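Atoms within each ligand, like the ligands themselves, are counted from 1 in listed order. All values reported here derive from a predicted model rather than from experimental measurement. These numbers come from the heavy atoms of this one structure, side chains and all, not from hydrogens, waters or symmetry mates.
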Amino acid sequence: MSRKIGVLTGGGDCPGLNAVLRAIVKTAVGRYGWEIIGFRDGYRGLVLNDYLKLKRSNVSGILVRGGTILGSSNRDNPFHFKVEENGEVKYVDMSDQVINNIAELGIECMVIIGGDGTLASARDFAKKGMKVIGVPKTIDNDLYATDTTFGFMTAVNTATDAIDKLHTTAESHHRIMILEVMGRYAGWIALESGIAGGADVILIPEIPFQIKKVAQKINDRKNAGKSFSIIVVAEGAKPLGGEMVVKKTVADSPDPIRLGGIGNYVAEQLSCLTCLETRVTVLGHVQRGGSPSPFDRILATRYGVAAVELIREEKYGMMVSLQGDRITAVTIEEAVHKLKNVPVDGELVRVAKSIGIEFGD
Ligand code: F6P
């Protein structure tokens, strides 16, 4: 039976989005003979009815490409959509319009690929009766109810590569080199790249730090003949009793806060407390770019195929999820009800502490 399915990629882009789209199209179009409609720029395309038919030729050669051929947006909330009328900006609930748009197109189910913000809207559409399947993506790895999101491992690879490169200047110039990485309110990228890159200090949002303890670690290293140190700091890290550093707010975004700047704060404090020269590198959107790692290509492909199979089984309102080595499904509701933070007494933190990595707690 021929079926018509819609798909969109929402939120911040990440490596592996194209790999999921490819898997969906190859399975749905190539294997089952369905039709796939891709909406451009996340929910914006759904609201504005901006779409294209995805054929096999559209997804040929995109497995290795970062970004998303559909475009994405982390600003457009269809339930609170920014419109301008007579020069005046207002926010309007466009969800009914979206439901009408897809009904008119004859789309029976939407596959929504995104992080917590995008999937929270997917859940709200499901409540309005839309048939929805979720696919979890984000470099932050902060989605609850899945072990890993695709994009995360590629970001960890990029951050680890940066730490390896910072080591040379740290050693040659006897400096403290600080790498600020993304991750929003979760410290996964900092923790995993810090362990993989041999960092001396890792600062994450889940463990508020005391700068004196960090300085002590660096001074101890100096006294032991190690005149350099590497610090990986998550953008959401904060001093004990202090706040996260907000770089800016983006009013129309589902999560308006943009973090950034904690690296400079740590650098200023440490240059006073250690008398060592200190430099900061903010890795930024480099972490979201580039070709997906083999792990992410495989995970994204598994998610794409599983999403199509969920449609065949008519298991709507579900999100594909990795649990252990198995792909399974959880309700979107469960997936977005809270963020997945680093467990402060979990195995990874304990491993890091065992080998002497300082968290400043
Ligand atoms: O959620 C992905 C992410 O890259 C976060 O790690 C980061 O805080 C945020 O998006 C940056 O958003 P923007 O692309 O709007 O600057």
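- Between Lys213 and Glu358 there is no salt bridge, since no side-chain nitrogen of the basic residue lies less than 4.0 Å from a carboxylate oxygen of the acidic one.
- If you look at ligand 1, the protein residues with a non-hydrogen atom under 4.0 Å away are Asn74, Ile139, Asp140, Met182, Gly183, Arg184, Glu235, Arg258, His285, Arg288.
- Asp124 meets the side-chain contact (heavy atoms from CB on, under 4.5 Å) test with Phe79, Lys127; sequence neighbours excluded.
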Next item on the list: Could you give me the CA-CA distance, side-chain angles and deciding distance for Asn264 and Glu268, then say whether side-chain hydrogen bond (donor to acceptor under 3.5 Å, both in side chains) is met?
Entry: CA-CA 6 Å; Asn264 284 321; Glu268 276 164 28; over 6 Å; no
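- Applying the side-chain contact (heavy atoms from CB on, under 4.5 Å) criterion to Asp161, with sequence neighbours excluded, gives Lys165.
- Looking at heavy atoms from C-beta onward, Leu21 lies in side-chain contact with Ile113 at the 4.5 angstrom threshold.
- With sequence neighbours excluded, the residues forming a side-chain contact (heavy atoms from CB on, under 4.5 Å) with Pro254 are Asn77, listed by chain and number.
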